[in-house]
Amino acid sequence: MEKKLIMDELAIQRSLKRITHEIIERNKGVDNLILVGILTRGFHLAQELANLIEAFEGVQVPAYSLNIAHWRDDHKRMDQVSTQQIPVQEKKVILVDDVLFKGRTIRAAMDAITSFGRAKEIQLAVLIDRGHRELPIRADYIGKNIPSSLNESIQVKVESLDHENAVYICHS
């Protein structure tokens, strides 16, 4: 498999800082805001956004992890929901994922969030939008649009899991 670097650590940091500023501007601050990162890499990105918000605004915004396995429509449903209850009631939820592709992961995440209560609003932040949607879902905050073919994949690497911060496009 051939892979090509499309974002290095500096490019990722620039994108996350821009997304953070866009979140703060759109929401007129960070009151009543929570970050919900889809496991696995979406949660790590949500934590980084929370750190940046704290650096820029001096406010700690909670970052929660979300396991969407129970809500997927393309995998066998699990009997047990192995995710923590997230306090979404009347909160502005920023849903965070690494790559937006067909939209099915985000649909499952929205189902999960609504099962916890009625959020005031759900917004979507992604590091990479690669197109090919099967559902009418679009991100509010995008680090980088990377048009790709269906036989390509996007790999997001995060330091805490992969010992590097990078984004690769892989050709099979």
Side-chain angles (χ1 to χ4, degrees), residues 12-75 77-78 80-146 148 154 156 158 160-161 167:
I12 292 170
Q13 279 306 309
R14 280 189 198 114
S15 290
L16 292 176
K17 285 177 182 176
R18 182 176 38 75
I19 288 170
T20 302
H21 285 297
E22 289 174 3
I23 289 169
I24 294 166
E25 287 173 16
R26 176 175 173 170
N27 292 286
K28 297 174 179 59
V30 294
D31 292 340
N32 222 22
L33 201 72
I34 64 171
L35 298 164
V36 177
I38 299 172
L39 287 176
T40 299
R41 285 165 182 79
F43 176 58
H44 291 273
L45 294 170
Q47 289 177 309
E48 185 61 31
L49 291 173
N51 292 338
L52 289 168
I53 288 170
E54 184 173 9
F56 298 150
E57 295 290 300
V59 176
Q60 283 188 322
V61 171
Y64 298 93
S65 63
L66 178 62
N67 180 347
I68 60 156
H70 176 75
W71 290 275
R72 298 285 309 209
D73 65 359
D74 55 352
H75 299 297
R77 288 185 179 248
M78 298 168 50
Q80 295 284 332
V81 178
S82 61
T83 195
Q84 69 189 46
Q85 188 74 16
I86 299 173
V88 301
Q89 197 68 31
E90 291 304 312
K91 300 282 186 191
K92 290 181 183 176
V93 176
I94 309 295
L95 187 58
V96 183
D97 204 8
D98 56 348
V99 178
L100 176 56
F101 184 30
K102 295 182 178 186
R104 296 194 174 277
T105 297
I106 303 308
R107 189 225 26 100
M110 289 190 300
D111 287 350
I113 287 169
T114 57
S115 78
F116 299 136
R118 184 178 175 94
K120 183 173 183 173
E121 185 176 350
I122 299 174
Q123 300 169 23
L124 176 59
V126 297
L127 183 60
I128 305 296
D129 184 345
R130 63 173 289 198
H132 302 288
R133 227 62 93 238
E134 292 178 356
L135 298 171
I137 291 174
R138 69 168 178 78
D140 298 285
Y141 314 100
I142 300 168
K144 187 172 181 83
N145 284 295
I146 299 176
S148 61
I154 304 290
V156 174
V158 295
S160 54
L161 296 173
V167 178

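Taking both residues in full, the closest heavy atoms of Gly103 and Ile137 are given as O-CD1, 3.2 Å, listed atom of the first, atom of the second, then distance. Nearest heavy-atom pair across Ser15 and Leu127 is CB-CD1, 4.1 Å. When all heavy atoms of Asp111 and Thr114 are compared, the closest pair comes out as O-OG1, 3.0 Å. Closest heavy-atom contact between Ala125 and Ile94: CB-CG2, 4.0 Å. Summarising the geometry of Ala50 relative to Val61, their closest heavy-atom pair is CB-O, 3.6 Å, with the distance given to 0.1 Å. Closest of all the heavy-atom pairs between Ala46 and Val96 is N-CG1, 3.8 Å.
The CG atom of Leu45 sits 11.0 Å away from the OG1 atom of Thr40 when rounded to the nearest 0.5 Å. To the nearest 0.5 Å, the span separating CG on Leu95 from CG on Leu66 amounts to 7.0 Å. Asp97 contributes atom CG, which lies 10.0 Å from atom CG of Leu39 (distance to the nearest 0.5 angstrom). Distance check, rounded to the nearest 0.5 Å: CD of Gln89 to CD1 of Ile34 gives 10.5 Å. One distance of note links OG1 of Thr20 with CG of Leu35; it measures 8.5 Å at 0.5 Å rounding. Atoms CD and CD, from Gln123 and Glu22 in turn, are 11.0 Å apart once rounded to the nearest 0.5 Å.
Classified by interplanar angle (parallel below 30°, tilted 30° to 60°, perpendicular above 60°), the ring pair Phe116/Trp71 is perpendicular.
Pairs passing the salt bridge (Lys or Arg N to Asp or Glu O under 4.0 Å) check and including a residue from residues 127-138, sequence neighbours excluded, read Lys102-Glu134, Arg104-Glu134, Asp129-Arg133, Arg138-Asp140. Residue pairs meeting the ring pair (Phe, Tyr, Trp, His ring centres under 6.0 Å) criterion with at least one partner in residues 117-146, sequence neighbours excluded, are Phe101-His132.
Around the NZ atom of Lys92, the shell of radius 6.0 Å holds more than 12 heavy atoms that belong to other residues, nucleotides or ligands. The number of heavy-atom neighbours closer than 6.0 Å to CD of Gln60, taken from other residues, nucleotides and ligands shown, is 12 or below.
The closest donor-acceptor contact from the side chain of Arg41 to the backbone of Val156 lies under 3.5 Å. Between the Glu54 side chain and the Val59 main chain, no donor and acceptor come within less than 3.5 Å of each other.
Counting only heavy atoms from C-beta outward, the side chains of Ile128 and Asp98 never approach each other to under 4.5 Å. For the pair Ile113/Ile86, no side-chain contact is recorded, criterion being any heavy-atom separation below 4.5 Å from C-beta on. Side-chain contact check for Val126 versus Val99: every heavy-atom pair is 4.5 Å or farther apart.
For the side chain to side chain donor-acceptor pair (under 3.5 Å) test with Ser160, the passing option among Glu48, His44, Gln47 is His44; the others fail.
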